[in-house]
Amino acid sequence: MADKNREQWGSRIGFILAAAGSAIGLGNIWRFPTVVGQSGGGAFLLVYLIITFLVGIPLMIAELTIGRKGQTNIVGAFKRVAGKNWGIVGALGVAAGFIILSFYSVIAGWGVAYIFKYITGELTNLGAEEVGNVFNELTSAPIVPLFWHAIFMLITIGIVILGIDKGIEKASKLLMPILLVLLILLAIRSVTLDGAMEGVSWYLRPNFAVINRHIILSALGQAFFSFSLGMGAILTYGSYLGKKENIPGSAVYIAVFDIFIAVLAGFIIIPAVFAFGLEPGSGPPLIFITLPAVFGAMPAGNIFGLLFFVLLTIAAVTSAISLLEVVVAYFIDELKWSRKKASALAGLGIFILGIPSSLSMGVLSENLIFGMPFLDFMDYFSSNVLLTLGGFFTAVVVGWVWKTKNAVSEIETSGSKFLLAAPWAFLIKWIMPVVLLVIIIYGLFF
Ligand code: PHE
């Protein structure tokens, strides 16, 4: 299965930026502030940070290592390191990629629509209520949001067709640094607003009374979603990695970059929400309703608004290509499809699966699944169940089937010693499977 002519990253920095590009996306800019807002601020932030270090980074190392060893898609890689039957874990990942991209593209599509609304002046100087109307009108319509969903999928498919170094790597190298600069500018603007400090302190000062098992599960799901873990995106990017690459070092860079952007996004959104007397727990539409209202009341707000949604789209595209790549790599490696055919057909299927998510904002809004609209259900189920389970199985496979000593020797083919090999192996083998299972079961069923 592993093939000598397999594509590889053109450079180390290209790989790190592409993997960071996968990690950094709607998860950081849209989902993170939303979850912080709903989970009571500073305490959630603390739980989240602990989870990213104890679970996120070790699992990212594990996924990169399986990928590089396997030199193939997620299903093939699990079969290669753990034996044929474990291919099923990989299949779970392909399914998760399919599902996540289907609703991800719907939300990203709203962002693309907002770019055009800023250009045409439709969002200029509006108050929260008026922006809310614009948002509801956009998202509850049957056809228009599907058009933007289609545009976003077409961009994603186009880049994935171009392949690893020409498409994904080039795009990431150019786009990620621009994103960083724009976010820093917006954060400075936001924390210097009148009254922003109350938000800053709500965001940073933990109130431990709010922590409960649901918050811990949602911090875990958020960490998996944001780090692109548990479904093979990072694994697949690892499979294009050369043997000389230092995996733990790269994982730390990617993770720190990802955490930094999420925390920064919090600094853009939460202080602004407080400065304008809005509600931090108002959920997924937060950035689509409260933020434009904030921009509307700011000098040069139109330009900041336009910049923000351009940047959101950029970040979403570099994540979406990694989601699609998991599915496409599977079709290319296992079914021997051409990259073009795999990208086009998988992309079409994902577009179609996104339709009910889009409609759940309007005509299907009364049809609830487990008490949630279809889109929220897809998000909850894929992040908190599929990804966390994928992480659990990754730890089991590396810890118990492939064995951590084989993983460590794969990591050390780079020529440098993995200094934290012993604590890493202990975490993966003993702590992770137990802790993940407890959080998942307890968070879901009790
Ligand atoms: N990490 C991406 C984001 O934060 C989303 C993603 C999830 C990408 C899972 C790949 C795999 O937007």
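Atoms within a ligand are numbered from 1 in the order they appear, just like the ligands themselves. Note that this is a predicted model, so its numbers are computed, not measured. Residues: numbered from 1 along the sequence shown.
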Y253, OH: over 12 other non-hydrogen atoms inside 6.0 angstrom: no
For I303, look at atom CD1 and say whether over 12 heavy atoms of other residues, nucleotides or ligands are found less than 6.0 Å away. no
Check for me whether the distance between the ring centres of F103 and F374 falls short of 6.0 Å. no
Distance-only donor-acceptor pairs under 3.5 Å for side chains of residues 84-91, two or more places apart:
none

For ligand 1, list all ligand N or O to protein N or O distances below 3.5 Å, rounded to 0.1 Å.
from: ligand 1; atom 1: 1 (N); to: S22; atom 2: O; distance (Å): 3.2
from: ligand 1; atom 1: 1 (N); to: A23; atom 2: O; distance (Å): 2.9
from: ligand 1; atom 1: 1 (N); to: F225; atom 2: O; distance (Å): 2.7
from: ligand 1; atom 1: 1 (N); to: S226; atom 2: O; distance (Å): 3.1
from: ligand 1; atom 1: 1 (N); to: S228; atom 2: OG; distance (Å): 3.0
from: ligand 1; atom 1: 4 (O); to: A23; atom 2: O; distance (Å): 2.8
from: ligand 1; atom 1: 4 (O); to: G27; atom 2: N; distance (Å): 3.2
from: ligand 1; atom 1: 4 (O); to: N28; atom 2: OD1; distance (Å): 3.3
from: ligand 1; atom 1: 12 (O); to: L26; atom 2: N; distance (Å): 3.0
from: ligand 1; atom 1: 12 (O); to: G27; atom 2: N; distance (Å): 2.8
from: ligand 1; atom 1: 12 (O); to: Y104; atom 2: OH; distance (Å): 2.4

Mind checking what makes side chain to side chain contact (heavy atoms under 4.5 Å, CB included) contact with P177, not counting sequence neighbours? none
Hey, could you give me each pair passing side chain to side chain donor-acceptor pair (under 3.5 Å) that has a residue in residues 99-110? Not counting sequence neighbours. Y104-S319, S105-H149
